[in-house]
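To start, the structure itself, in structure tokens.
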Amino acid sequence: MPRLFVNSDLVAGDAFALNEEQSKYLIRVMRLGSGDPVRVFNGRDGEWRAQISKADGRRADLVPVARLRSQQAHGGARLTLLFAPVKKSETDFIVEKATELGAARIQPVITERTQTRTVRLDRFAKIALEAAEQTERLDLPEVSDAVSLDAALEALPSGTPVVFCDEAGDEADAPWGGQAGRAAPMADVLGELGNRPAAILIGPEGGFSPAERAFLRGRADTYPVSLGPRILRAETAAVSAMTLWQALCGDWS
């Protein structure tokens, strides 16, 4: 049974029209017609079984029939992903996987070494919507436009712990800072945070600059963590960090 996100209120018996893209998907791709069932959700009213009440060419109307799942409060603690955009396909991957892994908010940030400084919010929104439809989420993540690192941190609610994925050491002349000053393993640090809203911060290709790293290390409510002995690609780091957080602090725990 197809599953779609809709903006309309979901009330038993109150029909509403789908947009043209969704209508074409049901009529031309799925080959559905009047009377066929569709699952719908809007992030407010839970998930409903609806029925196609009208299907003619480019337009399909649905009528909600019965609620399948009530809207639940966000499971576990809410997670914000802060990440520096990378190449197009890798950034798309991060947005998709962040949605699948339950991020409540996805915030691109511009750092000193960020190479991609423009983002397509409409593209990100579509990727997040499709991922939510496929993964049985009852809501969509908030996807924000890119802002500076300082602005992203200032926008967080006061006291939000920022899990800073810090791959560097403190030795200026050694590759990636050597071993001195390495952050503690992420699993150890997360054990101290408990089940409360948090943000994960992933840097760009090449990592954070020394000045940014010093700032983050000295910032209150920031927790430097290590993702192991290997230097991970940005998209790998994002998925790895979110997986650990969900397992230890989020809705997998």
Side-chain angles (χ1 to χ4, degrees), residues 43 73-74 76-86 90-92 94-99 101-125 127-128 139-168 170 177 181 183-184 186 189-190 192-227 232 234-235 237-242 244-246 248-251:
H74 194 279
R78 291 175 61 84
L79 178 65
T80 296
L81 176 66
L82 310 175
F83 76 99
V86 284
E90 285 83 355
T91 298
D92 291 351
I94 290 172
V95 173
E96 178 183 71
K97 300 312 171 187
T99 304
L101 287 166
R105 184 163 173 259
I106 301 171
Q107 174 65 71
V109 298
I110 304 302
T111 68
E112 289 184 29
R113 294 174 177 169
T114 300
Q115 297 181 12
T116 302
R117 294 178 175 264
T118 58
V119 298
R120 287 278 306 277
L121 270 183
D122 57 342
R123 180 178 179 82
F124 287 178
I127 291 170
D139 63 348
L140 300 183
E142 176 188 350
V143 184
S144 303
D145 203 357
V147 297
S148 69
L149 176 59
D150 287 347
L153 295 173
E154 289 174 3
L156 294 172
S158 178
T160 299
V162 176
V163 180
F164 161 41
C165 295
D166 183 14
E167 73 284 352
D170 292 337
M186 184 172 178
V189 175
L190 291 183
E192 304 172 5
L193 295 185
N195 186 12
R196 56 180 172 138
I200 287 175
L201 174 61
I202 305 291
E205 297 168 328
F208 292 96
S209 71
E212 288 170 333
R213 184 170 176 268
F215 161 69
L216 289 165
R217 284 268 183 157
R219 180 181 178 274
D221 299 314
T222 299
Y223 298 80
V225 299
S226 168
L227 289 173
L232 304 180
E235 64 271 24
V239 171
S240 300
M242 290 192 63
L244 274 173
W245 187 89
Q246 284 290 26
L248 297 175
C249 301
D251 57 19

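Because the structure is predicted, anything quoted here is derived from the model rather than measured.
A donor-acceptor distance shorter than 3.5 angstrom exists from the side chain of T114 to the backbone of T111, with no hydrogens or angles considered. Of the possible donor and acceptor atoms, one in the side chain of T116 sits under 3.5 Å from a partner among the backbone N and O of V86. With hydrogens and angles disregarded, a donor-acceptor distance shorter than 3.5 Å links the side chain of Q246 to the backbone of D251. Proximity of a side-chain donor or acceptor of E112 to a complementary backbone N or O of E212 within less than 3.5 Å is not detected. No donor-acceptor distance shorter than 3.5 angstrom exists from the side chain of T160 to the backbone of L156, with no hydrogens or angles considered. R113 places a side-chain N or O within donor-acceptor distance of the main-chain N or O of G206, the cut-off being under 3.5 Å. Of the possible polar contacts, none joining the R217 side chain to the Y223 backbone as a donor-acceptor pair under 3.5 Å is found. One N or O on the side chain of S148 and one on the backbone of A151 form a donor-acceptor pair closer than 3.5 Å.
Residues that satisfy the side chain to side chain donor-acceptor pair (under 3.5 Å) test with S226, not counting sequence neighbours, are absent from this structure. For F83, there are no ring pair (Phe, Tyr, Trp, His ring centres under 6.0 Å) partners at least two apart in sequence or on another chain. By the ring pair (Phe, Tyr, Trp, His ring centres under 6.0 Å) test, F124 is found to be paired with no residue, residues two or more places apart in sequence or in another chain being considered.
For the pair Q115/P204, no side-chain contact is recorded, criterion being any heavy-atom separation below 4.5 Å from C-beta on.
Expressed to the nearest 0.5 Å, how far CG of L190 lies from CG of N195 amounts to 11.5 Å. Rounded to the nearest 0.5 angstrom, F208 CZ and C165 SG are separated by 8.0 Å. Going from atom CG of L81 over to atom CE of M242 covers 5.5 Å, rounded to the nearest 0.5 Å. One finds the CG atom of L216 at 9.5 Å from the CZ atom of R213 (value rounded to the nearest 0.5 Å).
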